[in-house]
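Just so you know, these numbers use all the heavy atoms, side chains as well, and skip hydrogens, waters and symmetry mates.
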Amino acid sequence: MNNNIRALRTARGLSQEALGSALNVSRQTINAIEAGRYDPSLPLAFKLARFFALHIEDVFNDGEETFES
């Protein structure tokens, strides 16, 4: 799953450690999510979206286009 976590985090001047601390996860978890080696649980994905005050779709995507009719 693709995500914008690294860009969102760095735009706010946060380290991986600081973001992990704010979300009660390890720095390694944040690193793995950013690198695409780990897809977060749904609760953690929502927590990340809420932290950045965004919709979950603005943080995560599956790389497929969506089509509207």
Could you check R37, E17, R6 and say which one makes a side-chain hydrogen bond (donor to acceptor under 3.5 Å, both in side chains) with N31?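 Answer to the side-chain hydrogen bond (donor to acceptor under 3.5 Å, both in side chains) test with N31 among R37, E17, R6: R37.
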
Within this structure, what is the OG1-CG distance for the pair T29 and L23, rounded to the nearest 0.5 Å?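 If we round to the nearest 0.5 Å, T29:OG1 and L23:CG are 10.0 Å apart.
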
Atom pair CG/CZ of L44 and F51 - distance to nearest 0.5 Å: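 Between L44 CG and F51 CZ, I get 12.0 Å after rounding to 0.5 Å.
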
Between [X] and [Y], which heavy-atom pair has the shortest distance, and what is it?
| X | Y | value |
| --- | --- | --- |
| I33 | N3 | O-ND2, 2.7 Å |
| D58 | N4 | O-ND2, 2.9 Å |
| I56 | A45 | CD1-CB, 3.6 Å |

Please test L54 against L8 for side-chain contact (heavy atoms from CB on, under 4.5 Å), starting from the C-alpha separation and ending with a verdict. CA-CA 10 Å; L54 296 169; L8 293 166; 3.7 Å; yes

Does L14 offer a backbone N or O that forms a donor-acceptor pair with the side chain of R9 under 3.5 Å?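 Indeed, once roles are kept as given, a pair shorter than 3.5 Å links the two residues.
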
